Number of protein chains: 2
Amino acid sequence: MGATKTDHFTDHQNELAILAKALGHPARIAILEYLMKVDTCICGDIVNELPLAQPTVSQHLKELKNAGLIKGSIEGTAICYCINEPGFAKIEVFFNHITQYLDKKKNECC
Amino acid sequence: MGATKTDHFTDHQNELAILAKALGHPARIAILEYLMKVDTCICGDIVNELPLAQPTVSQHLKELKNAGLIKGSIEGTAICYCINEPGFAKIEVFFNHITQYLDKKKNECC
DNA sequence: ATTTTATATTGCAATATTACGATATAAAAC
DNA sequence: GTTTTATATCGTAATATTGCAATATAAAAT
């Protein structure tokens, strides 16, 4: 036990969970917000922006990249990261679904 | 080490991370999708809908409730859970921010 | 009052995550 | 070619999460 039983859920549910999980850490939220703020891929200064050691930041970047929320390419000595649109598109579908539901929802029993 | 350094990030970043973390498990996505499907709070059958033991489901429901994504009230023997709008509203603000950014974004360097 | 039914809590083992020092890698600058 | 600079990987300790059996709770039905 301890391991998530991914095979018991749909691909869709697992995909969404992986994306949400990647967003589930303040450092990773901070990274995404910073990437949006600077709006450029020449970003070799993410480490300086965060209150964490370099290996930790590197690890968080890797997780965001694995989840498909950012993309990065080698740019000389630096690595160039930026927001990856398709990753967010998937979460948006889910949220649009929820928003639609909440708009239509009439039951108020709780 | 091992514990997230929440005090190094903004309240906003921590709040968002907590919400996203709560969404970061396929069972909890499944619960939310089921609650939307049935669109009613008379839901004493969540356990039967999931491929997990009763204590595990109870634990996931608790986490969703703590995060503010669902709400529940006692309804006789059963407990009545449903989607909690304010919780989702917070995440939506973040996503609208991202959507706006992606729409305006012009840099295509990666 | 006892039994049934639905849910919560406790305790614990298995696994995952977080964080960072030490070290590796690899291109740029000298 | 050595040094610098930027990032990644490895190893590992601390902590968190996941899952469930066992047990507790508490209202409903008998």
Side-chain angles (χ1 to χ4, degrees), chain A residues 1-9 13-14 17-31 34-35 40-67 70-82 110, chain B residues 1-9 13-14 17-31 34-35 40-67 70-82 110:
Chain A
M1 299 115 207
T4 296
K5 292 181 146 185
T6 50
D7 49 319
H8 288 51
F9 299 96
Q13 286 162 347
N14 283 316
I18 287 170
L19 287 166
K21 202 173 188 177
L23 290 173
H25 193 289
R28 295 195 286 268
I29 297 284
I31 289 170
Y34 180 66
L35 284 179
T40 168
C41 295
I42 310 151
C43 25
D45 46 353
I46 295 176
V47 173
N48 305 319
E49 283 292 316
L50 294 179
L52 296 169
Q54 181 268 323
T56 309
V57 174
S58 188
Q59 194 175 287
H60 284 306
L61 286 167
K62 194 180 176 184
E63 277 170 61
L64 284 171
K65 200 176 175 187
N66 285 343
I70 63 173
K71 54 186 170 177
S73 55
I74 297 164
E75 193 85 16
T77 310
I79 294 267
C80 150
Y81 280 114
C82 60
C110 295
Chain B
M1 299 114 210
T4 296
K5 292 180 148 186
T6 49
D7 48 319
H8 289 52
F9 299 96
Q13 286 162 348
N14 282 315
I18 286 169
L19 287 166
K21 201 173 188 178
L23 291 174
H25 193 290
R28 295 194 286 267
I29 296 285
I31 289 170
Y34 180 66
L35 284 180
T40 169
C41 296
I42 310 151
C43 26
D45 46 357
I46 294 175
V47 172
N48 306 318
E49 283 292 315
L50 294 178
L52 296 169
Q54 181 268 321
T56 310
V57 174
S58 186
Q59 191 175 290
H60 283 306
L61 286 167
K62 193 179 176 185
E63 276 170 62
L64 284 170
K65 200 177 175 187
N66 285 342
I70 64 174
K71 53 186 171 178
S73 55
I74 297 164
E75 192 86 16
T77 309
I79 293 270
C80 148
Y81 280 114
C82 60
C110 294

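Treat the numbers as computed from the prediction; the structure is a model and nothing was measured. Chain letters run A, B, ... following the sequence lines, proteins first and then strands; every chain starts at 1.
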Please report the distance, rounded to the nearest Å, between [atom1] in [X] and [atom2] in [N].
X: B:Lys5; N: D:dA14; atom1: NZ; atom2: P; result: 15 Å
X: A:Ile31; N: C:dA19; atom1: CD1; atom2: P; result: 10 Å
X: B:Asn14; N: C:dT18; atom1: CG; atom2: P; result: 13 Å
X: A:Glu49; N: D:dT7; atom1: CD; atom2: C1'; result: 17 Å
X: A:Ile29; N: C:dT18; atom1: CD1; atom2: P; result: 12 Å
X: A:Leu50; N: C:dT18; atom1: CG; atom2: C1'; result: 14 Å

message = According to side-chain hydrogen bond (donor to acceptor under 3.5 Å, both in side chains), who are the partners of A:Thr4, at least two apart in sequence or on a separate chain?
response =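 If we apply the side-chain hydrogen bond (donor to acceptor under 3.5 Å, both in side chains) test to A:Thr4, skipping adjacent residues, the hits are B:His25.
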Nucleotide nearest [X] (side chain, heavy atoms from C-beta), chosen from [options]:
X: B:Pro55; options: D:dT18, D:dC20, C:dT18; value: D:dC20
X: A:Ala3; options: D:dT18, C:dT15, C:dA19; value: C:dT15
X: A:Leu52; options: D:dT9, D:dG19, C:dA19; value: C:dA19

message = For a quick test of reading the model, state the closest non-hydrogen atom pair linking A:Lys5 to B:Leu52 and the distance between them.
response =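 Answer, listing the atom of A:Lys5 first, then B:Leu52: CD-CD2, 3.7 Å.
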Minimal non-hydrogen separation, A:Ala22 against A:Ala67, with atom names =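 Looking at all heavy atoms of both residues, the closest pair is CB-CB, 3.5 Å.
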May I ask you to verify if any side-chain N or O of [X] is less than 4.0 angstrom from the OP1 or OP2 atom of [N]?
X: B:Tyr81; N: C:dA6; result: no
X: A:Lys21; N: C:dA16; result: no
X: B:His25; N: D:dG19; result: yes

key: DNA chain C: 5'-proximal contact among A:Pro51 and A:Thr4 (nearest heavy atom)   =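 Its nucleotide being nearer the 5' end, the pick is A:Thr4.
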request  = For DNA chain D, determine which residues of residues 56-66 of chain A have any heavy atom closer than 4.0 angstrom to one of its atoms, and list them numerically.
outcome  =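 Residues of residues 56-66 of chain A under 4.0 Å from DNA chain D: A:Ser58, A:Lys62.
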ask   = Between A:Ile46 and A:Leu35, is a side chain to side chain contact (heavy atoms under 4.5 Å, CB included) present by the stated rule, with each step listed?
value = CA-CA 9 Å; A:Ile46 295 176; A:Leu35 284 179; 4.1 Å; yes
task = Could you walk me through whether A:Asn14 and A:Asp7 pass the side chain to side chain contact (heavy atoms under 4.5 Å, CB included) test, one step at a time?
result = CA-CA 9 Å; A:Asn14 283 316; A:Asp7 49 319; over 6 Å; no
Distance-only criterion, 3.5 Å: show the donor-acceptor pairs between side-chain atoms of residues 55-62 of chain B and protein atoms not counting sequence neighbours.
{"unit_1": "B:His60", "atom_1": "ND1", "unit_2": "B:Arg28", "atom_2": "NH1", "d": "2.9"}

message = Is it the case that C:dA6 (base atoms only) and B:Gln54 (side chain only) share a donor and an acceptor within less than 3.5 Å, ignoring hydrogens and angles?
response =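 There is none.
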request  = Identify, with sequence neighbours excluded, every residue that meets side-chain contact (heavy atoms from CB on, under 4.5 Å) alongside A:Ala30.
outcome  =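 side-chain contact (heavy atoms from CB on, under 4.5 Å) check on A:Ala30 returns A:Leu50, B:Phe9, B:Gln13.
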